Amino acid sequence: MSDRPLRSAPLLVTSALPYANGPLHLGHLAGAYLPADLFVRYQRLAGRDVVWVCGSDEHGAAIEIRARREGVSPQSIVDRYHAELAAAFEGFGIAFDVYGRTTSDTHRQTSQDLFRSIEAAHGFVRKTTTQLYDPEAGLFLADRFVQGTCPVCGYDSAYGDQCENCGSTLSPDDLVDPRSTLSGATPERRETTHWYLPLGDLQPQLEGWIGTKTDWKPNVLGQVRSWFQAGLEDRSMTRDLDWGVPVPSDVEGETEGKVLYVWFDAPIGYLSVTKEWAQAQGDEDLWRRYWQVHEDGTEPDLVHFIGKDNIVFHCLTFPAILMTANAAQPSLPQFVLPAQVPANEFLNLEGQKLSTSRGWAVWAHEALEAFDADLLRYALAVGLPETKDADFTWADFQNRVNGELADVVGNFANRALTFAARYCDGEVPRLDAPTDKDAAMLDALAAAPGQVAAAYEAYRLREAVALTVDLARKGNQYLQETEPWKTRNSDERAMRNSVHVALQVTAGLSILLEPVVPGVASRLREMLALGAVRSSTEAGTDGLGWGDVGPELLDAGHALGEPGILVRKVEDEEVEAQLQQLKDRAAAADAAKAADPDSEPEVPYAALGDEITFDQFTPLDFRVGEIVAADLHPNADKLLRFDVDLGFETRQILSGVREFFAPEDLLGKRVVVVANLAPRAIRGLESNGMILFAEDRDGTLRPVEAQGEPGAVVR
RNA sequence: CGCGGGGUGGAGAAGUGGUAUCUCGUCGGGCUCAUAACCCGAAGAUCGGGGGUUCGAAGCCCCCCCCCGCUACCA
């Protein structure tokens with residue numbers, strides 16, 4: 001099949017962990033998720049042993065500080081966005097093998113274990129420095145969280161690391177009248193001790209390793225060389241924060257109030273999520289197959305899909321962590337270092353940089369309400385920011401979908417299928433004495449999987465997509481040249497050959513299109529009645545795969561399914577509405593900012609759940625209940641325990657709202673209770689029902705209060 | 001400021017020394033099986049600007065301009 005041998009070593013693909021403090025937008029998708037999805041779906045179809053992992057990055061100062069500002073717990077923020085992110089990925093057909101999160105137990109253990117073993121082998125150095133401290137909020141501040149007047153341009157809201165107005169690089173000490181963005185207090189300097197990764201010492205080793213990576217992208221290598229040239233410095237791998245993976249308390253030194261730096265723990269998230277995947281497969285050690293050198297010397301390929309802003313962490317910091325971990329335990333299986341880091345550039349929107357605070361973004365969940373995921377996937381895929389920043393415009397979207405996906409691909413398939421349905425009894429006609437034109441078309445079909453595969457293997461994804469569409473374009477040319485609608489009356493054998501060949505091309509397309517537009521590909525296979533094609537979302541080598549694409553996918557006499565419209569066109573009004581929505585939101589964000597310069601960016605409403613029927617609704621029994629007793633659950637730190645009077649009886653109900661309410665806050669309130677929920681024991685106490693709470697977009701929780709007597713039916 | 005990536009017909013891209021290619025758009029023609037679609041042809045780029053090397057440069061060297069990113073204690 002492919003004109004190059006496929007690598008047989010296991011492949012582990014990662015996509016940058018999205019930070020769980022905002023929803024997913026098209027820029028994220030184009031950067032690290034859609035490219036990886038195309039790549040991985042191709043690899044699965046090609047039969048490669050591949051696992052693709054991702055998850056929410058839920059730690060770090062930004063989330064802790066946001067939680068403080070909003071007066072909610074960090075956990076409530078990440079819980080909300082973790083669920084939203086996972087749902088948006090699913091809606092977009094981003095088919096990770098596993099989507100985890102860095103607040104999991106597995107992750108805490110994995111990152112602590114790695115930290116411990118590096119520490120035990122003296123892989124860190126401890127250094128004491130002075131850091132900025134907010135005496136009112138009671139925590140250390142990153143430079144980013146100090147604001148003051150820029151000494152260069154006089155802008156009064158410059159950050160401690162940079163002035164957004166004039167672009168000057170700053171240190172917090174440079175600021176005139178510095179203040180904490182949290183409390184407004186003047187920061188103090190305090191001493192603190194942290195664990196540093198000695199990157200300076202590791203530089204020769206890193207340089208030697210990077211030196212072998214001749215096939216990496218120029219933007220990645222250039223950036224890395226730039227770092228080497230400047231000289232690496234030791235970097236602190238711990239922080240003074242409450243929110244994060246605690247520094248293991250059994251290591252030497254003051255660990256109180258210290259957590260792992262997010263860029264220490266986030267890449268380890270790839271590892272811990274793989275472990276969770278392995279557990280789900282029923283083989284706890286299966287992760288090793290994808291992360292460590294095998295006993296026979298086989299090295300799995302580790303591939304990180306990221307945006308260009310993450311290059312240093314994936315090409316230097318994380319490899320340095322893995323190297324150090326290997327050196328710490330030389331007798332144990334050794335971790336592999338990344339084989340490839342296909343970093344993408346950025347996606348702009350309608351000619352401007354994306355900005356969530358300025359309302360300049362297309363949210364994934366909103367776009368999916370208006371358009372089938374495949375249409376968005378296609379438009380993004382042909383315009384991926386592979387070598388330079390790309391621009392997404394709704395006009396381009398419409399053009400690409402209508403002009404290429406619908407007109408070239410969809411219409412070609414439709415021509416072949418309707419012709420076969422009308423003039424060949426809905427069957428694949430026999431190929432008989434093919435002409436040069438027939439043979440040339442079949443040759444092109446036979447060559448296509450190898451050509452497209454080569455583009456995928458080289459991470460040239462735009463090219464892979466373009467080559468795929470080219471096959472349909474060749475199909476249209478072929479039909480135009482052989483004119484079966486004419487030979488139908490003059491030379492039936494020629495007509496049947498044309499239809500046979502066109503159908504084989506269509507069948508090939510139904511597999512080659514699968515990584516890009518899986519829904520379209522699947523509908524096409526339905527119309528062809530082509531079953532038994534391997535899944536591109538799950539492991540396994542059963543069924544037809546990439547290597548089977550060729551001139552003999554369909555047997556003569558094979559009965560076809562019903563032809564139909566494969567790809568609908570995007571109407572002018574639809575893209576106009578999107579553009580208008582974008583402009584409206586940007587204007588609203590502007591207005592809000594003008595009214596209140598410190599206001600938080602507009603947060604979107606949670607996506608609406610799937611529609612249910614009336615019959616699914618009626619079984620739910622809501623009642624008014626009065627909370628007559630409220631206290632803490634003795635064995636759970638997130639739960640409150642209530643006695644709720646439902647009139648006919650008083651029952652015990654547990655709620656995971658302790659981080660939002662003290663028991664006395666809710667005592668005496670009349671609330672809405674789901675009264676016929678099956679009882680469930682949680683941490684030793686039984687809960688008989690559920691109390692409903694309303695969650696604002698900013699995470700604020702309030703009980704759903706009700707009027708009416710206890711026991712009143714709510715409907 | 002320093003470093004890295006990029007700047008190719010109206011738009012998006014390919015092209016690392018030898019007649020500038022592809023897709024969309026525009027214009028003209030053809031076909032009629034098909035989603036007002038498909039096929040063919042044409043116009044349109046002094047390859048960001050300037051200088052240099054060479055028989056010959058988009059490509060190599062020097063200077064400059066523009067866009068994006070990085071400059072670790074945000075992610």
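The analysis underlying the following values was restricted to heavy atoms, covering all of them including side chains, and did not include hydrogens, waters or symmetry mates. Please read these numbers as outputs of a predicted model, since none were measured by experiment. Convention: sequence-line order gives letters A, B, ...; per-chain numbering from 1.
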Just checking [X]: base, sugar-phosphate only, or nothing, at a heavy-atom cut-off of under 4.0 Å?
X        : result
A:Leu17  : nothing
A:Asp407 : sugar-phosphate
A:Gly60  : sugar-phosphate
A:Ser236 : nothing
A:Lys217 : nothing
A:Ala406 : base
A:Gly564 : nothing

Between [N] ([atom2]) and [X] ([atom1]): distance, integer Å:
X        : N     : atom1 : atom2 : value
A:Asn344 : B:C68 : CG    : P     : 18 Å
A:Leu316 : B:C70 : CG    : P     : 15 Å
A:Phe419 : B:U32 : CZ    : P     : 12 Å
A:Leu24  : B:A75 : CG    : P     : 19 Å
A:Leu232 : B:C70 : CG    : C1'   : 14 Å
A:Leu503 : B:C33 : CG    : C1'   : 12 Å

Across all strands, who's sitting opposite [N] as a Watson-Crick or G-U wobble pair, both distances under 3.5 Å?
N     : answer
B:C3  : B:G69
B:C60 : B:G52
B:A13 : B:U21
B:A42 : B:U26
B:C31 : none

_Value rounded to 0.5 Å, distance of CG in A:Leu85 from CD in A:Glu58_ =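 The CD atom of A:Glu58 is 9.0 Å from CG of A:Leu85, to the nearest 0.5 Å.
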*First locate atom OG1 of A:Thr317, then atom OH of A:Tyr261, and finally report the distance between them rounded to the nearest 0.5 Å.*
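A:Thr317 atom OG1 to A:Tyr261 atom OH measures 7.5 Å (nearest 0.5 Å).
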Distance between the [atom1] atoms of [N] and [M], in whole angstroms?
N     : M     : atom1 : result
B:A14 : B:U8  : C1'   : 10 Å
B:C31 : B:G17 : P     : 46 Å
B:A75 : B:G7  : C1'   : 29 Å
B:A58 : B:U46 : C1'   : 11 Å
B:C55 : B:C60 : C1'   : 16 Å
B:U32 : B:C39 : P     : 16 Å
B:C63 : B:A20 : C1'   : 27 Å
B:G12 : B:G48 : P     : 13 Å

*Which residue lies toward the 5' end of RNA chain B, A:Thr317 or A:Tyr19, if each is placed at its nearest nucleotide?*
A:Thr317
_On RNA chain B, does the nearest nucleotide to A:Arg239 precede the nearest nucleotide to A:Leu566 from the 5' side, or the other way round? Give the residue._
A:Leu566
Side chain of [X] only, please: which of [options] is the nearest?
X        : options             : result
A:Arg473 : B:A72, B:C24, B:C38 : B:C24
A:Ile565 : B:G69, B:U35, B:C24 : B:U35
A:Glu404 : B:C73, B:U23, B:A75 : B:U23
A:Val262 : B:C68, B:U35, B:A75 : B:A75

*asked:* Protein within reach of the bases, or only the backbone? For nucleotides 4-14 of chain B, mark each nucleotide 5' to 3' as B, S or -, using heavy atoms under 4.0 Å.
replied: SSSSS---SSS
_How would you summarise protein contacts on nucleotides 61-66 of chain B per nucleotide, using B for base, S for sugar-phosphate only and - for none, with heavy-atom distances below 4.0 Å?_
------
_Tell me which residues in residues 474-493 of chain A lie within less than 4.0 Å of RNA chain B, going by non-hydrogen atoms._
A:Asn476, A:Gln477, A:Gln480, A:Trp485, A:Lys486
*For A:Phe318, which residues count as a ring-ring contact (aromatic ring centres under 6.0 Å, His included) partner, sequence neighbours excluded?*
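For A:Phe318 the ring-ring contact (aromatic ring centres under 6.0 Å, His included) partners, ignoring immediate neighbours, are A:His304.
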*Examine the base of B:A75 for any acceptor or donor lying under 3.5 Å from a partner atom in the side chain of A:Trp263, and report the outcome as yes or no.*
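Answer is yes: a donor-acceptor pair is held.
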*Any idea which heavy atoms bring A:Leu34 and A:Leu384 closest together, and the distance?*
CD2-CD2, 4.5 Å
Less than 6.0 Å separating the ring centroids of [X] and [Y]?
X        : Y        : result
A:Tyr459 : A:Trp216 : no
A:Tyr19  : A:Tyr81  : no
A:His314 : A:Trp263 : yes

Do [Y] and [X] meet the salt-bridge criterion of a basic N to acidic O distance under 4.0 Å?
X        : Y        : value
A:Arg568 : A:Asp374 : no
A:Glu70  : A:Arg66  : yes
A:Lys353 : A:Asp391 : no

Sequence neighbours left out, cut at 3.5 Å: what donor-acceptor pairs do the side chains of residues 193-201 of chain A make with other protein atoms?
unit_1	atom_1	unit_2	atom_2	d
A:Thr193	OG1	A:Thr128	OG1	2.8
A:His194	ND1	A:Thr238	O	3.3
A:His194	ND1	A:Thr238	OG1	2.7
A:His194	NE2	A:Thr192	OG1	3.4
A:His194	NE2	A:Asp240	OD2	2.7
A:Trp195	NE1	A:Glu119	OE1	3.0

_A:Asp436 atom CG, over 12 foreign heavy atoms within 6.0 Å_ =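 Not buried by this count: 12 neighbours or fewer within 6.0 Å.
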N/O contacts under 3.5 Å, protein versus nucleotides 27-29 of chain B?
none

*Fit a plane to each ring of A:Phe392 and A:Phe397, take the angle between them on a 0 to 90° scale, and name the class: parallel (under 30°), tilted (30 to 60°) or perpendicular (over 60°).*
tilted
*So does A:Tyr261 get a side-chain nitrogen or oxygen closer than 4.0 Å to the phosphate oxygens (OP1/OP2) of B:C73?*
yes
Heavy-atom distance under 4.5 Å between the side chains of [X] and [Y], does that happen here?
X        : Y        : answer
A:Thr14  : A:Cys54  : no
A:Thr324 : A:Phe124 : no
A:Leu417 : A:Leu503 : yes

*Any side-chain donor-acceptor pair under 3.5 Å between A:Asn219 and A:Glu345?*
yes
